[in-house]
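The structure under discussion appears below in the form of C-alpha cells.
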Amino acid sequence: MIDFTKIDYLKNGNERQKRAYEVLTRYHIFEKLKDYSPILAGTIPIEIDIEDSDLDIICEVDLNFEEDFLEELSFKKIVPAETQVTVENIMIENEKAIVMNFRLEEFSIEIFGQSRPATKQNAYLHMIAEYKILQEKGEDFKQRIIELKKQGIKTEPAFGILLNLESPYEDLLKMI
C-alpha cells in the first residue's frame, strides 16, 4: 500500500499528481507545516479527482492555541503575500476545526486543522477506505466514481451509491 503520510508517491503518479507534487514542493508547504504532521488527503492521492478537485492537507493542531497556529503560518509565509486566504472556524461532530483556503497556481488548497492526529481524522480514514475499495473493485468502479463526481456528487456519497451504503460517511469508517 502507498504510504500516504508522505507526498513522495506523487512524483510517480499521474500528471495531476506530479503537478501537485511540484507545486507543494516549490512552495515548501509540507516543510512549513511539518510541526503539524500534514497529510495530503482527498481525491487527488487516490486518483479519483475531477477538474476542480482541491488539495486537502489535514493537520494536527492544538485548537486551544489556534491563534498561535495562524500566527505561525503567517510568520512562515505559507503562501505568497499577494495570495488571498480565507480562514474559518467550524464544528465537525462537536469538535472544533480550523480551515484555511487559498490558491497556488492552478490548485485550490485547503488546510484543515483538528485536535487529533492527522491519521485519526476522518478525511484520512475515508481516503484509506476508499483506496482499498478502489484496489479491490478495479478500474470500471473507479471510473463510475469519477462520473458521479462530475455530476456533482461528493466522494463519500458516490461510494455510498455504488456500494449501497445507508450512511456512507460512517459506513466507510467501518471498512478500514
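For clarity, every value in this text was computed on a predicted model and none was experimentally measured.
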Within a strict 4.5 Å, meaning less than it, do heavy atoms of the [X] and [Y] side chains meet?
X: I146; Y: E47; value: no
X: E110; Y: V99; value: yes
X: L24; Y: F107; value: no
X: K96; Y: S115; value: no

For [Y], is there any backbone N or O sitting under 3.5 Å from a side-chain donor or acceptor partner on [X]?
X: S37; Y: C59; answer: no
X: K32; Y: Y27; answer: yes
X: H126; Y: L172; answer: no

Rounded to the nearest 0.5 Å, how far apart are [atom1] of [X] and [atom2] of [Y]?
X: I111; Y: L33; atom1: CD1; atom2: CG; result: 4.5 Å
X: I153; Y: I161; atom1: CD1; atom2: CD1; result: 4.0 Å
X: I2; Y: I46; atom1: CD1; atom2: CD1; result: 9.5 Å
X: L55; Y: D49; atom1: CG; atom2: CG; result: 9.0 Å
X: L148; Y: R144; atom1: CG; atom2: CZ; result: 8.0 Å
X: I128; Y: M175; atom1: CD1; atom2: CE; result: 15.0 Å

Going by the rule ring pair (Phe, Tyr, Trp, His ring centres under 6.0 Å), which residues pair with [X] if we only count those two or more places apart in sequence or in a different chain?
X: F159; answer: F141
X: Y21; answer: none
X: Y131; answer: F4
X: F30; answer: none

Using the rule that Ile, Leu, Val, Met, Phe, Trp and Tyr join whenever any side-chain heavy atoms are under 4.5 Å apart, tell me whether [X] and [Y] fall into a single cluster.
X: I176; Y: Y169; value: no
X: L10; Y: L104; value: yes
X: V61; Y: M91; value: no

side-chain contact (heavy atoms from CB on, under 4.5 Å) assessment of I7 paired with T25: CA-CA 9 Å; I7 62 169; T25 54; 4.2 Å; yes
For [X], is the [atom1] atom crowded, meaning more than 12 foreign heavy atoms sit under 6.0 Å from it?
X: K18; atom1: NZ; answer: yes
X: K142; atom1: NZ; answer: yes
X: E166; atom1: CD; answer: no

After noting the C-alpha distance and the side-chain angles of I58 and Y124, does the key distance pass the side-chain contact (heavy atoms from CB on, under 4.5 Å) rule? CA-CA 8 Å; I58 57 174; Y124 178 78; 3.5 Å; yes
If you look at every heavy atom in [X] and [Y], which pair is closest and at what distance?
X: E93; Y: N122; result: OE2-ND2, 3.3 Å
X: S108; Y: R103; result: OG-NH1, 2.6 Å
X: I39; Y: A118; result: CD1-CB, 3.7 Å
X: Y9; Y: D3; result: CD2-O, 3.7 Å
X: S53; Y: T43; result: OG-OG1, 3.4 Å
X: E156; Y: P168; result: O-CB, 3.2 Å

Would I145 and K149 count as a side-chain contact (heavy atoms from CB on, under 4.5 Å) here? Give the steps. CA-CA 6 Å; I145 291 288; K149 291 181 60 52; 4.0 Å; yes
Salt bridge (charged side-chain N to carboxylate O under 4.0 Å, His left out) involving E170 - partner list, sequence neighbours excluded: none
R19: which residues meet the salt bridge (charged side-chain N to carboxylate O under 4.0 Å, His left out) condition with it, sequence neighbours left out? E22, E105, E106
In terms of side-chain heavy atoms, does N12 have a donor or acceptor partner in Q17 at a distance below 3.5 Å? no
Do you see a donor-acceptor pair shorter than 3.5 Å between the side chains of E147 and Q151? no
Do V85 and N101 pass the side-chain contact (heavy atoms from CB on, under 4.5 Å) test, and can you show the C-alpha distance, the side-chain angles, and the key distance before you say yes or no? CA-CA 6 Å; V85 177; N101 288 286; over 6 Å; no
Are R116 and E95 ion-paired here, with the side-chain N under 4.0 Å from a carboxylate O? yes
